Amino acid sequence: MSTYVLPPATPVTLAVAGTSAVFPVNRVFCIGRNYAWSAGEPRPTEMPAWFMKPASAVVPAEGALPYPPETTEFCHEIELVVAIGTGGRDIDSALAEQHIWGYAAGLDLTRRNLQQQAKRAGGPWEPAKAFDHSAPCTPLVPASRHPRAGAIWLAVNGIERQRADIADLLWPVPELVAMLSRSVALRPGDLIYTGTPAGVAALQPGDHVTGGVAGIGDFSMTVTS
Ligand code: MN
């Protein structure tokens, strides 16, 4: 057996609601635009874009939310999170639920100034999306049922900024699992952040952020400088 030249990184885990067990996080996939952001917007015919964050970006959605470096526009994106329990490639959307271990509510935090810069330059999104603490997530709820409707919301200092229903996902969860599995083999422990509804806006140090998905989980965090 080989000897590690450095101590291997401790696995990133998420709490499982109601138990002392934890879920080991493997990779984090994030889905681009997946709700209509304006009335009458035509339903897209192409599948949404996806990008990734490192597992190390996942932190419990509680307590302090550090304001990241190199940021002039720090945006909240509340999202339903899907946790993969059984991997696979070319998964049929009709069978996708069998691959899902559980659900959570998460934040796809975004350094919007760096995202706009990347879009202008045609550069990668990692500086905008893959920073430390950029993927807070609530404890996972095991998939004894598969929620296909329910409120998703976020408020800042008690004022609501985002509200929709997960039934309004343009591409529903089984389609997202199928789509990703046609591109990469999904693995146990993978998370999928499924896209955010309208109302994304910037956070400031001191802001109190609350949000959640009905029946799945909610959170309360405070932005620190
Ligand atoms: Mn997002």
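When a ligand or atom number is given, it counts from 1 through the structure's own listing order. For clarity, every value in this text was computed on a predicted model and none was experimentally measured.
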Examine Y67 together with F74 and report whether their ring centres are nearer than 6.0 Å. yes
Protein N, O or S atoms lying under 2.8 Å from the Mn ion (ligand 1), listed by chain and number: E77 OE1, E79 OE2, D108 OD2
So, the side chain of E79 versus the backbone of G195: is there a donor-acceptor pair under 3.5 Å, distance only? yes
Should the pair Y103 and H146 be assigned to parallel (<30°), tilted (30 to 60°) or perpendicular (>60°) ring geometry? perpendicular
State, without any angle test, whether T110 and K129 hold a side-chain donor-acceptor pair at a distance under 3.5 Å. yes
Hey, is the main chain of E73 close enough, under 3.5 Å, to the side chain of T71 for a donor-acceptor pair? no
For S220 and E62, test the side chains for any donor-to-acceptor distance below 3.5 angstrom and give the result as yes or no. no
